[in-house]
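Given the structure is predicted, the values throughout are model-derived calculations rather than measurements.
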Amino acid sequence: LVGHRLAERRRSLLNFALLVAAYIVYLLTGAWIFSAIELPYERELRLELLDARRDFLGNNTCVSDARLEELLARALEANNYGVSVLRNDDSDNWNFVSSLFFSSTVLTTTGYGHTVPLSDGGKAFCIFYSLFGIPVTLFFLSVAVQRIMVLVTRRPISYLHRRWAMSKSKLAAIHATCLAIVTASLFILVPAWVFTSLESDWDFLESLYFCFMSLTTIGLGDYVPGQTHTQDSPHPQLYRLAITLYLLLGLVCVLVVLETCCELPQMKRLARRFNHENVRELDSETANIIDLDHTGGRLSDHSDPVMAHHPPAIPSVSEQAASLRQDKSAPYTPVPGSAVNGNLR
(Lines give C-alpha, C1' and ligand atoms only; values in the text may rest on other atoms or scores of the structure.)
Protein backbone atom coordinates (compact mmCIF):
# COMPACT_ATOMS: atom_id res chain seq x y z
CA LEU A 1 0.00 0.00 0.00
CA VAL A 2 2.82 2.41 0.87
CA GLY A 3 4.61 1.58 -2.37
CA HIS A 4 1.44 2.21 -4.35
CA ARG A 5 1.03 5.65 -2.76
CA LEU A 6 4.65 6.52 -3.46
CA ALA A 7 4.18 5.50 -7.10
CA GLU A 8 1.06 7.67 -7.36
CA ARG A 9 2.87 10.61 -5.79
CA ARG A 10 5.76 10.30 -8.23
CA ARG A 11 3.37 9.97 -11.15
CA SER A 12 1.46 13.11 -10.17
CA LEU A 13 4.69 15.07 -9.70
CA LEU A 14 5.95 13.87 -13.08
CA ASN A 15 2.69 14.88 -14.76
CA PHE A 16 2.84 18.32 -13.16
CA ALA A 17 6.46 18.78 -14.21
CA LEU A 18 5.54 17.83 -17.78
CA LEU A 19 2.65 20.32 -17.66
CA VAL A 20 4.98 23.14 -16.54
CA ALA A 21 7.50 22.22 -19.24
CA ALA A 22 4.79 22.13 -21.92
CA TYR A 23 3.51 25.55 -20.84
CA ILE A 24 7.00 27.05 -20.98
CA VAL A 25 7.54 25.57 -24.44
CA TYR A 26 4.19 26.97 -25.58
CA LEU A 27 5.13 30.40 -24.18
CA LEU A 28 8.52 30.41 -25.90
CA THR A 29 7.00 29.20 -29.16
CA GLY A 30 4.49 32.05 -29.10
CA ALA A 31 7.25 34.58 -28.43
CA TRP A 32 9.32 33.22 -31.35
CA ILE A 33 6.36 33.28 -33.76
CA PHE A 34 5.29 36.82 -32.76
CA SER A 35 8.85 38.05 -33.15
CA ALA A 36 9.20 36.42 -36.57
CA ILE A 37 5.92 37.93 -37.80
CA GLU A 38 5.96 41.41 -36.27
CA LEU A 39 9.64 42.39 -36.25
CA PRO A 40 9.92 42.98 -40.04
CA TYR A 41 6.79 45.17 -39.99
CA GLU A 42 8.15 47.17 -37.06
CA ARG A 43 11.46 47.83 -38.81
CA GLU A 44 9.69 48.80 -42.03
CA LEU A 45 7.42 51.24 -40.19
CA ARG A 46 10.38 52.77 -38.38
CA LEU A 47 12.19 53.36 -41.67
CA GLU A 48 9.07 54.98 -43.15
CA LEU A 49 8.79 57.35 -40.20
CA LEU A 50 12.46 58.31 -40.44
CA ASP A 51 12.05 59.03 -44.15
CA ALA A 52 8.93 61.13 -43.49
CA ARG A 53 10.74 63.09 -40.79
CA ARG A 54 13.72 63.69 -43.07
CA ASP A 55 11.47 64.91 -45.87
CA PHE A 56 9.59 67.24 -43.51
CA LEU A 57 12.81 68.81 -42.23
CA GLY A 58 14.10 69.16 -45.77
CA ASN A 59 10.94 70.93 -46.94
CA ASN A 60 10.70 73.13 -43.82
CA THR A 61 14.17 74.42 -43.13
CA CYS A 62 12.87 76.89 -40.57
CA VAL A 63 12.02 74.05 -38.21
CA SER A 64 14.94 72.59 -36.28
CA ASP A 65 15.34 68.91 -35.53
CA ALA A 66 15.31 69.55 -31.77
CA ARG A 67 12.04 71.52 -31.85
CA LEU A 68 10.38 68.85 -34.00
CA GLU A 69 11.56 66.18 -31.58
CA GLU A 70 10.08 68.13 -28.68
CA LEU A 71 6.74 68.57 -30.47
CA LEU A 72 6.51 64.88 -31.40
CA ALA A 73 7.34 63.79 -27.86
CA ARG A 74 4.64 66.05 -26.42
CA ALA A 75 2.07 64.84 -28.98
CA LEU A 76 2.85 61.16 -28.29
CA GLU A 77 2.62 61.75 -24.53
CA ALA A 78 -0.78 63.36 -24.91
CA ASN A 79 -1.90 60.57 -27.22
CA ASN A 80 -0.97 58.01 -24.55
CA TYR A 81 -3.45 59.78 -22.26
CA GLY A 82 -6.18 59.60 -24.91
CA VAL A 83 -5.83 63.21 -26.07
CA SER A 84 -5.20 63.73 -29.78
CA VAL A 85 -3.72 66.84 -31.40
CA LEU A 86 -5.59 66.30 -34.67
CA ARG A 87 -8.01 69.05 -35.61
CA ASN A 88 -10.87 66.71 -36.49
CA ASP A 89 -10.76 64.99 -33.09
CA ASP A 90 -12.61 67.12 -30.54
CA SER A 91 -14.49 64.35 -28.65
CA ASP A 92 -14.37 64.28 -24.86
CA ASN A 93 -12.90 61.21 -23.20
CA TRP A 94 -14.38 61.94 -19.78
CA ASN A 95 -18.06 62.63 -20.33
CA PHE A 96 -20.44 60.41 -18.39
CA VAL A 97 -20.88 57.65 -20.98
CA SER A 98 -17.15 57.52 -21.75
CA SER A 99 -16.42 57.38 -18.02
CA LEU A 100 -18.93 54.54 -17.68
CA PHE A 101 -17.13 52.68 -20.46
CA PHE A 102 -13.82 53.28 -18.68
CA SER A 103 -15.24 52.04 -15.35
CA SER A 104 -16.48 48.84 -16.98
CA THR A 105 -13.07 48.14 -18.52
CA VAL A 106 -11.38 48.73 -15.16
CA LEU A 107 -13.72 46.53 -13.11
CA THR A 108 -13.63 43.68 -15.64
CA THR A 109 -9.80 44.02 -15.87
CA THR A 110 -10.02 44.50 -19.63
CA GLY A 111 -8.14 47.79 -19.53
CA TYR A 112 -7.82 49.00 -23.12
CA GLY A 113 -5.42 51.76 -22.08
CA HIS A 114 -6.69 54.27 -24.62
CA THR A 115 -8.08 56.46 -21.84
CA VAL A 116 -6.28 56.84 -18.53
CA PRO A 117 -6.63 59.24 -15.59
CA LEU A 118 -4.78 62.51 -16.17
CA SER A 119 -4.70 63.97 -12.67
CA ASP A 120 -3.19 62.62 -9.45
CA GLY A 121 -6.65 62.63 -7.86
CA GLY A 122 -7.99 60.51 -10.69
CA LYS A 123 -5.14 58.02 -10.35
CA ALA A 124 -5.63 57.75 -6.59
CA PHE A 125 -9.38 57.26 -6.95
CA CYS A 126 -8.77 54.62 -9.65
CA ILE A 127 -6.67 52.61 -7.18
CA PHE A 128 -9.30 52.90 -4.45
CA TYR A 129 -12.15 52.19 -6.88
CA SER A 130 -10.44 49.10 -8.29
CA LEU A 131 -9.39 47.80 -4.88
CA PHE A 132 -13.01 47.31 -3.84
CA GLY A 133 -14.65 47.13 -7.26
CA ILE A 134 -12.70 44.23 -8.77
CA PRO A 135 -13.50 41.75 -5.94
CA VAL A 136 -17.15 42.84 -6.02
CA THR A 137 -17.21 42.38 -9.79
CA LEU A 138 -15.67 38.91 -9.51
CA PHE A 139 -18.25 37.98 -6.87
CA PHE A 140 -21.08 39.35 -9.01
CA LEU A 141 -19.85 37.47 -12.10
CA SER A 142 -19.46 34.26 -10.09
CA VAL A 143 -23.02 34.46 -8.73
CA ALA A 144 -24.47 35.38 -12.12
CA VAL A 145 -22.60 32.58 -13.87
CA GLN A 146 -23.75 29.98 -11.33
CA ARG A 147 -27.38 31.03 -11.72
CA ILE A 148 -27.15 30.91 -15.50
CA MET A 149 -25.36 27.56 -15.33
CA VAL A 150 -28.43 26.03 -13.70
CA LEU A 151 -30.63 27.16 -16.59
CA VAL A 152 -28.40 26.54 -19.59
CA THR A 153 -26.19 23.64 -18.47
CA ARG A 154 -27.24 21.56 -15.46
CA ARG A 155 -30.99 21.33 -16.08
CA PRO A 156 -30.70 20.61 -19.83
CA ILE A 157 -28.10 17.90 -19.24
CA SER A 158 -30.21 16.25 -16.52
CA TYR A 159 -33.34 16.43 -18.68
CA LEU A 160 -31.63 15.00 -21.76
CA HIS A 161 -29.98 12.31 -19.64
CA ARG A 162 -33.38 11.13 -18.39
CA ARG A 163 -35.00 11.54 -21.82
CA TRP A 164 -32.37 9.91 -24.04
CA ALA A 165 -30.67 7.62 -21.50
CA MET A 166 -27.22 8.77 -22.66
CA SER A 167 -24.14 8.84 -20.48
CA LYS A 168 -23.73 12.18 -18.74
CA SER A 169 -20.07 12.53 -19.75
CA LYS A 170 -20.83 12.20 -23.47
CA LEU A 171 -23.92 14.36 -23.18
CA ALA A 172 -22.00 17.06 -21.31
CA ALA A 173 -19.29 17.13 -23.98
CA ILE A 174 -21.86 17.54 -26.77
CA HIS A 175 -23.68 20.25 -24.82
CA ALA A 176 -20.46 22.18 -24.12
CA THR A 177 -19.51 22.06 -27.80
CA CYS A 178 -22.91 23.35 -28.90
CA LEU A 179 -22.90 26.06 -26.25
CA ALA A 180 -19.45 27.24 -27.32
CA ILE A 181 -20.50 27.40 -30.97
CA VAL A 182 -23.66 29.37 -30.18
CA THR A 183 -21.80 31.80 -27.91
CA ALA A 184 -19.03 32.35 -30.45
CA SER A 185 -21.61 33.00 -33.17
CA LEU A 186 -23.76 35.41 -31.16
CA PHE A 187 -21.07 37.35 -29.33
CA ILE A 188 -18.04 37.22 -31.65
CA LEU A 189 -18.97 36.55 -35.28
CA VAL A 190 -22.19 38.58 -35.46
CA PRO A 191 -20.78 41.59 -33.52
CA ALA A 192 -17.67 41.49 -35.73
CA TRP A 193 -19.89 41.83 -38.79
CA VAL A 194 -21.75 44.71 -37.11
CA PHE A 195 -18.53 46.54 -36.23
CA THR A 196 -17.31 46.10 -39.80
CA SER A 197 -20.29 48.05 -41.06
CA LEU A 198 -20.17 50.71 -38.31
CA GLU A 199 -16.43 51.37 -38.04
CA SER A 200 -15.15 52.81 -41.31
CA ASP A 201 -11.51 51.88 -40.72
CA TRP A 202 -12.09 48.28 -39.63
CA ASP A 203 -12.28 45.20 -41.80
CA PHE A 204 -13.78 41.91 -40.65
CA LEU A 205 -10.51 40.55 -39.27
CA GLU A 206 -9.89 43.67 -37.19
CA SER A 207 -13.46 43.59 -35.86
CA LEU A 208 -13.13 39.89 -35.04
CA TYR A 209 -9.82 40.64 -33.34
CA PHE A 210 -11.42 43.36 -31.20
CA CYS A 211 -14.35 41.17 -30.13
CA PHE A 212 -12.14 38.26 -29.15
CA MET A 213 -9.59 40.41 -27.30
CA SER A 214 -12.35 42.22 -25.42
CA LEU A 215 -14.44 39.22 -24.34
CA THR A 216 -11.34 37.36 -23.16
CA THR A 217 -10.40 40.49 -21.11
CA ILE A 218 -7.06 40.80 -22.92
CA GLY A 219 -7.89 44.31 -24.09
CA LEU A 220 -4.72 45.45 -25.83
CA GLY A 221 -6.30 48.80 -26.70
CA ASP A 222 -5.06 49.03 -30.29
CA TYR A 223 -8.66 48.89 -31.49
CA VAL A 224 -11.34 50.78 -29.57
CA PRO A 225 -14.83 51.26 -31.08
CA GLY A 226 -16.34 54.71 -31.34
CA GLN A 227 -13.25 56.63 -32.39
CA THR A 228 -14.17 56.69 -36.08
CA HIS A 229 -17.91 56.04 -35.78
CA THR A 230 -18.60 59.02 -33.51
CA GLN A 231 -17.65 61.52 -36.21
CA ASP A 232 -20.54 60.48 -38.48
CA SER A 233 -23.02 59.15 -35.93
CA PRO A 234 -25.85 61.35 -34.63
CA HIS A 235 -25.87 59.44 -31.33
CA PRO A 236 -22.27 58.71 -30.32
CA GLN A 237 -23.06 58.38 -26.62
CA LEU A 238 -25.78 55.80 -27.27
CA TYR A 239 -23.32 53.86 -29.41
CA ARG A 240 -20.72 53.84 -26.65
CA LEU A 241 -23.36 52.77 -24.10
CA ALA A 242 -24.42 49.86 -26.34
CA ILE A 243 -20.78 48.75 -26.58
CA THR A 244 -20.50 48.78 -22.78
CA LEU A 245 -23.58 46.59 -22.39
CA TYR A 246 -22.31 44.23 -25.11
CA LEU A 247 -18.97 43.78 -23.37
CA LEU A 248 -20.55 43.03 -19.98
CA LEU A 249 -23.13 40.60 -21.35
CA GLY A 250 -20.59 38.93 -23.61
CA LEU A 251 -18.15 38.49 -20.74
CA VAL A 252 -20.81 36.73 -18.66
CA CYS A 253 -21.64 34.37 -21.53
CA VAL A 254 -17.98 33.55 -22.12
CA LEU A 255 -17.56 32.76 -18.43
CA VAL A 256 -20.58 30.47 -18.61
CA VAL A 257 -18.95 28.55 -21.47
CA LEU A 258 -15.65 28.29 -19.59
CA GLU A 259 -17.38 27.09 -16.43
CA THR A 260 -19.34 24.53 -18.45
CA CYS A 261 -16.10 23.20 -19.92
CA CYS A 262 -14.46 23.07 -16.49
CA GLU A 263 -17.33 20.95 -15.15
CA LEU A 264 -16.92 18.31 -17.85
CA PRO A 265 -16.11 14.87 -16.39
CA GLN A 266 -13.29 14.56 -18.92
CA MET A 267 -11.71 17.79 -17.63
CA LYS A 268 -12.05 16.67 -14.02
CA ARG A 269 -10.38 13.34 -14.78
CA LEU A 270 -7.59 15.17 -16.58
CA ALA A 271 -7.10 17.52 -13.62
CA ARG A 272 -6.88 14.59 -11.21
CA ARG A 273 -3.83 13.33 -13.06
CA PHE A 274 -1.92 16.36 -11.78
CA ASN A 275 -3.20 16.38 -8.17
CA HIS A 276 -4.21 12.73 -7.74
CA GLU A 277 -2.44 12.49 -4.39
CA ASN A 278 -4.40 15.35 -2.84
CA VAL A 279 -7.70 14.03 -4.16
CA ARG A 280 -6.99 10.53 -2.87
CA GLU A 281 -5.98 11.82 0.59
CA LEU A 282 -9.05 14.04 0.74
CA ASP A 283 -11.31 11.16 -0.30
CA SER A 284 -9.83 8.82 2.34
CA GLU A 285 -10.11 11.47 5.04
CA THR A 286 -13.71 12.16 4.10
CA ALA A 287 -14.52 8.44 4.09
CA ASN A 288 -12.96 7.98 7.53
CA ILE A 289 -14.92 10.91 8.93
CA ILE A 290 -18.17 9.54 7.50
CA ASP A 291 -17.43 6.05 8.86
CA LEU A 292 -16.70 7.43 12.31
CA ASP A 293 -19.88 9.48 12.25
CA HIS A 294 -21.97 6.45 11.28
CA THR A 295 -20.27 4.22 13.85
CA GLY A 296 -20.72 6.77 16.59
CA GLY A 297 -24.34 7.22 15.61
CA ARG A 298 -25.04 3.48 15.77
CA LEU A 299 -23.31 3.12 19.14
CA SER A 300 -25.21 6.02 20.58
CA ASP A 301 -28.51 4.69 19.20
CA HIS A 302 -28.09 1.23 20.80
CA SER A 303 -26.66 2.46 24.11
CA ASP A 304 -28.67 2.79 27.29
CA PRO A 305 -29.74 6.39 27.78
CA VAL A 306 -29.14 6.07 31.52
CA MET A 307 -25.62 4.78 30.95
CA ALA A 308 -25.03 7.57 28.49
CA HIS A 309 -25.61 10.16 31.20
CA HIS A 310 -24.02 8.09 33.99
CA PRO A 311 -21.03 6.12 32.72
CA PRO A 312 -20.02 3.05 34.78
CA ALA A 313 -17.41 3.53 37.46
CA ILE A 314 -14.06 1.76 37.10
CA PRO A 315 -13.72 -1.02 39.78
CA SER A 316 -10.83 -0.94 42.19
CA VAL A 317 -8.06 -3.58 42.37
CA SER A 318 -9.61 -5.39 45.43
CA GLU A 319 -13.01 -5.56 43.70
CA GLN A 320 -11.41 -7.05 40.58
CA ALA A 321 -9.58 -9.71 42.71
CA ALA A 322 -12.81 -10.66 44.52
CA SER A 323 -14.59 -10.98 41.20
CA LEU A 324 -11.87 -13.32 39.90
CA ARG A 325 -12.12 -15.57 43.02
CA GLN A 326 -15.88 -15.81 42.57
CA ASP A 327 -15.47 -16.74 38.90
CA LYS A 328 -13.02 -19.56 39.81
CA SER A 329 -15.34 -21.01 42.48
CA ALA A 330 -18.43 -20.95 40.22
CA PRO A 331 -18.86 -24.03 37.98
CA TYR A 332 -18.73 -23.50 34.20
CA THR A 333 -22.08 -23.89 32.48
CA PRO A 334 -22.10 -23.69 28.70
CA VAL A 335 -24.54 -21.36 27.10
CA PRO A 336 -26.97 -22.97 24.67
CA GLY A 337 -26.37 -22.22 21.01
CA SER A 338 -29.82 -20.82 20.56
CA ALA A 339 -29.20 -18.29 23.29
CA VAL A 340 -25.94 -17.18 21.69
CA ASN A 341 -27.57 -16.86 18.32
CA GLY A 342 -30.43 -14.93 19.86
CA ASN A 343 -28.03 -12.53 21.53
CA LEU A 344 -26.14 -12.07 18.28
CA ARG A 345 -29.34 -11.39 16.45
Side-chain angles (χ1 to χ4, degrees), residues 1-40 42 107-111 113 130-131 134-135 137-139 141-143 145-146 148-149 153-154 157 166-181 183-184 188 208-209 211-222 250-292:
L1 182 61
V2 176
H4 180 66
R5 288 184 177 179
L6 289 177
E8 287 184 349
R9 182 180 302 175
R10 292 173 183 173
R11 191 180 301 112
S12 64
L13 290 176
L14 178 61
N15 291 334
F16 182 74
L18 291 176
L19 178 64
V20 174
Y23 184 78
I24 293 175
V25 170
Y26 187 77
L27 186 65
L28 296 177
T29 303
W32 178 76
I33 294 176
F34 279 124
S35 178
I37 294 176
E38 295 297 331
L39 188 58
E42 180 189 359
L107 296 183
T108 57
T109 66
T110 304
S130 304
L131 183 63
I134 292 177
T137 303
L138 294 177
F139 177 76
L141 292 176
S142 176
V143 173
V145 166
Q146 291 301 322
I148 297 175
M149 284 279 295
T153 298
R154 298 191 180 103
I157 291 177
M166 290 180 60
S167 64
K168 276 196 173 183
S169 59
K170 185 182 298 184
L171 193 59
I174 297 174
H175 174 268
T177 303
C178 296
L179 186 62
I181 293 174
T183 303
I188 295 182
L208 184 68
Y209 170 81
C211 295
F212 181 82
M213 291 296 172
S214 299
L215 297 185
T216 54
T217 67
I218 298 175
L220 297 179
D222 47 352
L251 178 59
V252 171
C253 293
V254 169
L255 291 177
V256 169
V257 174
L258 293 177
E259 185 68 19
T260 301
C261 294
C262 290
E263 288 190 356
L264 288 176
Q266 295 86 346
M267 293 296 296
K268 292 182 178 180
R269 284 197 297 268
L270 180 62
R272 285 184 186 139
R273 298 185 61 181
F274 303 99
N275 55 359
H276 184 73
E277 178 185 0
N278 296 333
V279 173
R280 178 64 59 85
E281 290 178 356
L282 181 61
D283 290 344
S284 61
E285 268 187 18
T286 306
N288 291 335
I289 292 174
I290 293 174
D291 290 341
L292 288 176

Of all the heavy-atom pairs spanning Phe16 and Phe274, show the shortest one and how long it is. N-CD2, 3.7 Å

Can you name the nearest heavy-atom pair linking Val252 to Val145, along with the distance? O-CG2, 4.1 Å

Can you check side chain to side chain contact (heavy atoms under 4.5 Å, CB included) on Met213 and Asp222, steps first, answer last? CA-CA 10 Å; Met213 291 296 172; Asp222 47 352; over 6 Å; no

Once you round to the nearest 0.5 Å, how far does OG1 of Thr260 lie from CD1 of Ile157? 7.0 Å

Give a yes or no on this: more than 12 heavy atoms of other residues, nucleotides or ligands lie within 6.0 Å of atom OH of Tyr209. yes

Among all residues two or more places apart in sequence or in another chain, which pass the salt bridge (Lys or Arg N to Asp or Glu O under 4.0 Å) test with Arg10? none

Any idea which heavy atoms bring Cys261 and Ala176 closest together, and the distance? SG-CB, 4.4 Å

Distance col, row Ile188:CD1 vs Thr216:OG1, nearest 0.5 angstrom, shows 8.0 Å

Residues Cys262 and Met267: closest non-hydrogen pair is O-CB, 4.1 Å

Let me confirm one number: the CG-OG1 distance from Leu251 to Thr109, rounded to the nearest 0.5 Å. 8.0 Å

Do any N or O atoms from the side chain of Thr29 and from the backbone of Val25 form a donor-acceptor pair under 3.5 angstrom? yes

Evaluate the side-chain proximity of Glu259 to Glu263: yes if any heavy-atom separation is below 4.5 Å, no if none is. yes

Using a 3.5 Å distance criterion without hydrogens, assess whether the side chain of Ser12 forms a donor-acceptor pair with backbone atoms of Arg9. yes

Going by the side-chain hydrogen bond (donor to acceptor under 3.5 Å, both in side chains) test, which pairs reach into residues 167-177, not counting sequence neighbours? none

What pair of heavy atoms forms the shortest contact from Val256 to Ile148, and how long is it? CG2-CG2, 3.8 Å

What's the spacing between Leu19 CG and Ile24 CD1 if we round to 0.5 Å? 10.0 Å

